[in-house]
Amino acid sequence: MNCPSTRVSIIGAGKVGSNLAQRIAEKNLADVVLLDIVPGWPQGIALDLMQALAVERCNRKITGTNNYADTAGSNIVVIAAGIPRKPGLSREDLLSVNARIVTEAAKQAIAHSPEAIVIVITNPLDVLTYLVWQATGLPASRVMGMGGVLDSARFQTFIGMELGISVAEIHATVIGNHGAAMLPLPRYSTVSGIGIDRLMDAGTIERLVERTRHGGGEIVELMQTASAYIAPASAACLMVESILLNQSRILPCCVYLQGEYGVKDIFLGVPSRLGCQGVEQVLELELTDSEMVAFRESDRIVRQSIEDAKAILKV
Ligand code: APR
C-alpha cells in the first residue's frame with residue numbers, strides 16, 4: 001500500500017532551497033522534492049541530504065529532479081529559484097532575470113499541484129510574489145512571500161546583541177517591502193513585553209533600524225560571492241510549519257492587501273495569520289502618520305517595480 005505523505009516541493013535547489021529542505025525534513029514536517037534546472041544537481045543534493053537524514057535517524061524522504069511531474073500533489077510549493085544578489089547588484093536589478101524564472105516555475109509547479117500553497121523566496125520578493133499570484137491565478141490567500149520573518153529576525157538579533165539579552169525574549173516587528181524601504185517598528189518591538197524605547201535611547205534604536213534595513217546587503221558585502229541563505233531558510237521553514245501544522249502563528253509575511261493599511265492590489269509585508277488555508281487573516285497595526293508615510297513609500301516602490309516587470313514580461 002502506498003500511503004500519501006505531506007509533500008513540500010522546493011523549486012531551486014541552491015543554498016536557500018537545500019537548507020530549507022534539510023530543515024523541513026529534520027523537523028519531520030514533510031517529504032521534500034527539490035527541483036532545479038541544472039541536470040544532476042538536485043539529485044546530488046538530495047542524496048547528500050538523505051545521507052544527512054541517515055545520520056540524524058530521520059525517516060523523511062528528499063528527492064531531486066529536473067521534472068515538474070515529480071512535484072505532483074505538493075501541499076506547499078516554495079520558489080527559491082533564480083539568481084541571488086551580488087555586490088553592487090540591488091534587489092531591483094535582479095528583477096528582469098528572476099521575474100521570468102519565477103513566473104514560469106510557479107505556473108509549471110501549480111499545473112502539477114493545483115491545490116498547493118505557494119511561498120516565494122526569490123528576490124525582489126514583493127514584486128515576484130505579486131507576479132506569481134497573477135501568473136498562477138491562485139486565490140491570494142494561497143500565495144505569500146517570505147520577507148518579514150527574516151527582517152524581523154534580523155531586528156531581533158541586533159536588539160539582542162545590543163542589550164546582551166537572549167534573543168528568545170525579544171519580539172520585533174518589521175513591515176513594508178523586503179528592501180531598504182522596509183519599516184522596522186520599534187513601537188511594536190519588545191523585550192519580555194517591555195518596549196525597546198524603555199531599554200535603549202532613540203539614537204541606538206535608529207542605528208539598529210538602519211542596520212536591519214540593510215541586513216541582507218551587509219551579508220552580501222561580507223560574503224562577496226553569495227547572499228544570506230541560512231536565516232532565509234529558517235524563516236521559510238517557520239512559515240511552512242505554521243501552514244502544515246495549522247498553527248495559526250502570526251508572522252510578518254508578504255501578503256495581498258485589499259485596503260488594509262490604506263493600500264490595495266499589492267503584496268507587502270504585514271503581520272498575518274498562517275494556517276492550513278494559507279493566509280487566513282491580515283492583521284492591521286495602528287500606524288502613526290510618519291509610519292504610514294514610510295509604508296506608502298514601500299507601496300510606491302513595489303508598485304513601480306510591478307509596472308517595470310509587467311513591461312519586461314509584456315503581461
Ligand atoms: N528553474 C529551476 N531552478 C532554477 C532556474 C529555473 N529556471 N533558474 C535557476 N535555478 C536554480 C539554480 O540552478 C540554483 O541552483 O536556482 C538555484 C538558486 O540557488 P543559488 O544560486 O544558490 O541562490 P540562493 O542563495 O539559494 O538564493 C535563491 O533566494 O534569498 C533569495 O535573493 C535570493 O533570489 C535568491 C533566492
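The figures that follow rest on heavy atoms only: side chains count, while hydrogens, waters and symmetry mates do not. In listed order, ligands and their atoms are each counted from 1.
Residue-level proximity to ligand 1 for Val16 is carried by backbone and side chain together, each with a heavy atom below 4.0 angstrom. Residue-level proximity to ligand 1 for Ala81 is carried by backbone and side chain together, each with a heavy atom below 4.0 angstrom.
Residue contact check for ligand 1: Leu125 places no non-hydrogen atom closer than 4.0 Å to it. Close to ligand 1: Ala80, with a non-hydrogen atom less than 4.0 angstrom away. Proximity of Gly82 to ligand 1 is established by a heavy-atom distance of less than 4.0 Å.
No side-chain donor-acceptor contact under 3.5 Å links Asp48 to the backbone of Gly44.
Inspection of the Ser305 and Asp308 side chains reveals no N or O donor paired with an N or O acceptor under 3.5 Å. Side chains of Asn66 and Gln43: a donor-acceptor N/O pair is present below 3.5 angstrom, by distance only. For the 3.5 Å distance criterion, the side chains of Tyr261 and Asp299 fail to qualify, holding no donor opposite an acceptor. A donor atom on one side chain and an acceptor atom on the other are found under 3.5 Å apart for Ser5 and Asp31.
Classified by interplanar angle (parallel below 30°, tilted 30° to 60°, perpendicular above 60°), the ring pair His112/Tyr68 is parallel.
Checked by distance only, ligand 1 and Lys15 come closer than 3.5 Å through their nitrogen or oxygen atoms. Residue contacts with ligand 1: Asn123 is placed with a nitrogen or oxygen under 3.5 Å of a nitrogen or oxygen of the ligand (distance criterion only). The shortest N or O to N or O distance between Asp36 and ligand 1 is below 3.5 Å.
Those atoms of ligand 1 with a heavy atom of Val38 less than 4.0 angstrom away are 13 (O). Residue Ile101 has at least one heavy-atom neighbour below 4.0 Å for each of these atoms of ligand 1: 5 (C), 6 (C), 7 (N), 8 (N). Using a 4.0 Å cut-off to heavy atoms of Thr122, the atoms of ligand 1 that qualify are 34 (O).
A 4.5 Å side-chain heavy-atom check between Trp41 and Ile45 finds at least one atom pair inside the cut-off.
Among Asn19, Leu150, Asn98, Ile37, the residue whose heavy atom lies closest to atom 1 (N) of ligand 1 is Ile37.
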I'd like a table of donor-acceptor pairs (distance under 3.5 Å, sequence neighbours excluded) in which one partner is a side-chain atom from residues 268-277, with atom names and distances.
unit_1: Ser272; atom_1: OG; unit_2: Val270; atom_2: O; d: 2.9
unit_1: Arg273; atom_1: NE; unit_2: Gln281; atom_2: OE1; d: 3.0
unit_1: Arg273; atom_1: NH1; unit_2: Glu280; atom_2: OE1; d: 3.3

